[in-house]
**Q** 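Dumping the structure here so I can ask a few things about it.
The first residue of the sequence shown is numbered 1, and numbering continues consecutively from there.
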Amino acid sequence: MARPDKRYSPRLSASAGDYVVYVEGSGTIRDISLGGVFIQDKNPLPEGTVFGFTLRIDDELLPLKGVVRRSIARTGMGIQFQDLNAEAMSKLERVLNKKRMKAGKD
């Protein structure tokens with residue numbers, strides 16, 4: 001039986017070139033929503049780790065903070081965004097809306 005999706009915002013697939021950089025490493029983005037991001041990383045951080053990172057999505061750089069909610073060895077980690085201020089939320093919404101519109105044209 002499929003697990004119910006508890007997200008309040010739909011996930012969007014990443015585009016080629018979308019990635020995350022953080023002190024401990026970097027990884028490509030598998031999918032993203034207003035609530036968080038899944039980072040593909042062969043050495044994911046442990047669940048509960050709070051850290052700062054920069055998202056690069058469609059040539060936009062977004063410095064953010066998050067907490068690892070799910071860590072899958074040799075695969076990646078699900079990050080929940082933390083402490084988004086109004087400016088960061090607005091920029092994230094704009095980037096995701098642009099990505100939604102682009103996906104609708106494909």
Side-chain angles (χ1 to χ4, degrees):
M1 179 175 204
R3 228 172 40 163
D5 193 347
K6 297 178 184 177
R7 292 171 188 84
Y8 66 88
S9 176
R11 290 182 283 180
L12 297 170
S13 296
S15 303
D18 291 350
Y19 62 89
V20 177
V21 176
Y22 45 102
V23 172
E24 296 82 356
S26 66
T28 57
I29 297 171
R30 182 180 76 189
D31 55 57
I32 186 167
S33 73
L34 284 176
V37 62
F38 190 90
I39 303 169
Q40 296 179 51
D41 186 338
K42 297 223 184 261
N43 298 302
L45 299 172
E47 289 181 10
T49 302
V50 177
F51 67 111
F53 54 94
T54 300
L55 292 176
R56 181 187 182 278
I57 304 173
D58 295 337
D59 297 326
E60 294 273 354
L61 296 176
L62 301 165
L64 300 170
K65 180 179 172 185
V67 60
V68 179
R69 292 295 182 202
R70 187 167 185 216
S71 185
I72 305 168
R74 296 177 305 283
T75 301
M77 55 191 162
I79 309 301
Q80 180 182 20
F81 298 137
Q82 301 282 296
D83 305 326
L84 286 177
N85 61 34
E87 181 182 348
M89 180 60 91
S90 177
K91 196 170 189 179
L92 184 58
E93 286 175 333
R94 183 173 40 79
V95 168
L96 293 180
N97 284 335
K98 182 178 163 186
K99 187 172 281 301
R100 259 187 223 99
M101 290 174 64
K102 185 177 177 183
K105 292 179 183 178
D106 294 338

**Q** Which residue is it: Arg100, Lys98, Lys99? I am looking for the one with a salt bridge (charged side-chain N to carboxylate O under 4.0 Å, His left out) to Asp58.
**A**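 Of the listed options, the one satisfying the test is Lys99.
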**Q** Any chance you could measure Gln40, atom CD, to Asp31, atom CG, to the nearest 0.5 Å?
**A**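 Here the interatomic distance stands at 8.5 Å.
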**Q** List the atom of Pro46, the atom of Val68, and the distance in Å for their closest heavy-atom pair.
**A**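 Nearest heavy atoms, Pro46 then Val68: O-CB, 3.5 Å.
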**Q** Quick check for you: to the nearest 0.5 Å, what is the distance between Leu84 atom CG and Met89 atom CE?
**A**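 With rounding to 0.5 Å, CG (Leu84) is 5.0 Å from CE (Met89).
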**Q** Would you give the length of the straight line joining atom CD1 of Ile39 to atom CG of Asp18, rounded to the nearest 0.5 angstrom?
**A**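 Output value for this atom pair is 12.0 Å.
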**Q** Which atom pair, heavy atoms only, marks the closest approach of Ile72 to Pro44?
**A**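 Where Ile72 meets Pro44 most closely, the heavy atoms are O-CG, 3.3 Å.
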**Q** Before you tell me yes or no, could you show the steps for Met77 and Asp41 under side chain to side chain contact (heavy atoms under 4.5 Å, CB included), namely the whole-Å CA-CA distance, both residues' side-chain angles and the distance that decides it to 0.1 Å?
**A** CA-CA 7 Å; Met77 55 191 162; Asp41 186 338; 4.1 Å; yes
**Q** Is a side-chain N or O of Ser71 found less than 3.5 angstrom from the main chain of Leu45, in a donor-acceptor match?
**A**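 Judged by distance alone, yes, a pair lies under 3.5 Å.
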**Q** Between Arg94 and Glu60, is there a side-chain N and carboxylate O pair less than 4.0 Å apart?
**A**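 Yes, this pair counts.
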**Q** Drop me the distance from Leu96's CG to Ile32's CD1, to the nearest 0.5 angstrom.
**A**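 Nearest 0.5 Å value for the CG-CD1 distance: 5.0 Å.
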**Q** According to a 4.5 Å side-chain heavy-atom criterion applied to Ile, Leu, Val, Met, Phe, Trp and Tyr, with indirect links allowed, do Leu62 and Leu12 form part of one hydrophobic cluster?
**A**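 Hydrophobic grouping puts Leu62 with Leu12.
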**Q** Any chance you could measure Leu55, atom CG, to Phe81, atom CZ, to the nearest 0.5 Å?
**A**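 So the CG of Leu55 and the CZ of Phe81 are separated by 5.0 Å.
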**Q** Check the hydrophobic clustering (I, L, V, M, F, W, Y; side-chain heavy atoms under 4.5 Å; chains of links allowed) and say if Leu34 and Val37 are grouped together.
**A**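 The answer is yes; both residues are in one hydrophobic cluster.
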**Q** Would you give the length of the straight line joining atom CZ of Arg69 to atom OG1 of Thr49, rounded to the nearest 0.5 angstrom?
**A**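 OG1 of Thr49 is found 11.0 Å from CZ of Arg69.
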**Q** Check whether Leu92 and Val67 end up in the same hydrophobic cluster, where Ile, Leu, Val, Met, Phe, Trp and Tyr are linked by side-chain heavy atoms less than 4.5 Å apart.
**A**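 No, it is not one cluster - the side chains of Leu92 and Val67 are not joined through contacts under 4.5 Å.
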**Q** Find out if a path of hydrophobic residues (ILVMFWY) with successive side-chain heavy-atom gaps under 4.5 Å connects Leu64 to Ile79.
**A**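 Same cluster: Leu64 reaches Ile79 through Ile, Leu, Val, Met, Phe, Trp or Tyr contacts under 4.5 Å.
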